[in-house]
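Following: one structure in structure tokens, then a few remarks.
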Amino acid sequence: MRRIKLIGVPVDILNPEELEMTLLELLAKPGTKHIVFLSVWDLLKARHKGEFQDFVNSADVVIPVSKSILGGAKFLKKDIPVRYNPFNFTINILSSLDSHFKSLYLLGARNQTLHVAEKNLRDTFPHLQIVGRHPGYYQKAKEDDIIVNIYKSSPSLVLVCDGIKDRALWSFKRRNRFSSSIFCYYRDSLGIFSKRIKRVDEEVFNKGHEIWHEIGKNPLKLFLLLPFLHYIMILVVYKLFKKI
């Protein structure tokens, strides 16, 4: 795995054949680790000083999920990373964990969604030990118990989805309270595994048109096109005036 900087933000180049070895190397490292799915909107956010920038800069693996990130790397004549569909990447992680008899903790979603997703995951990955779960949208008073449970069970992977207030930053803000787990935030993961949410069609994703799928569900996301234009302008500035 190699890392480049795109307009000042780290992006990893991880080939499919390197995924399992990278995962095993992460599992061997002590402390809290993070896998980040980086969209172009996240990339823009990570350029500004603050907690999210610290989170992305310190992440162990930063996976680009927007086609625009690849286009930006090509425009600036950098090595072009491999883009992954978050669902497929998550399946690959779970398959690797399953083949090595590792463990999983599920955090987020509503009770019914979590229950169905857990059952489907057990059926699909019979050697993957699910050592705990807790629904999202929980009361603040329950958080310490959740953290203690994750610490004690020390799962190989904690899959975080919707219903968690701090989203991807949840584990980063509490990183000193865990032992040696990998954390990955994928909002729709348990919804898809429970078949409550339909994942983006593979052809649509490959064309980079998933934003129109999102706009179809929430027309207000049309305003995301404005920061995208800002991204184009930043790329042009880097092309003309910067050598990094």
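Heavy atoms of other residues, nucleotides or ligands lying less than 6.0 angstrom from CD of E203 number 12 at most. Annotation for K74: atom NZ does not count as buried by contact number, only 12 or fewer foreign heavy atoms lying within 6.0 Å. For H100, the NE2 atom sits in a packed shell: over 12 heavy atoms of surrounding residues, nucleotides or ligands are nearer than 6.0 Å. Atom CZ of R167 is surrounded by 12 or fewer heavy atoms from other residues, nucleotides or ligands within 6.0 Å.
Checked by atom type and distance alone, the side chain of D12 never pairs as donor or acceptor with a backbone atom of L14 at under 3.5 Å. For the pair K239 (side chain) and F75 (backbone), a donor-acceptor distance under 3.5 Å is present. Between the side chain of E143 and the backbone N or O of K140, no donor-acceptor pair lies under 3.5 Å.
A donor and an acceptor atom, one from each side chain of Y137 and D162, are located under 3.5 Å apart. Remark: the S66 side chain and the S39 side chain contain no N/O donor-acceptor pair separated by less than 3.5 Å. Checking E20 against N92 by side-chain atom types alone, no donor-acceptor pair falls below 3.5 Å.
In this structure, D144 pairs ionically with R177, as a charged nitrogen and a carboxylate oxygen lie closer than 4.0 Å. Salt bridge status for D166 with K173: present, with a side-chain N to carboxylate O gap under 4.0 Å.
Note that the NZ atom of K102 and the OG atom of S96 stand 11.5 Å from one another [nearest 0.5 Å].
H34 and F172 have perpendicular rings, their planes meeting at more than 60° on a 0 to 90° scale where under 30° would count as parallel.
Residue M1 forms a side chain to side chain contact (heavy atoms under 4.5 Å, CB included) with just one option from T22, N15, L19, and that option is T22.
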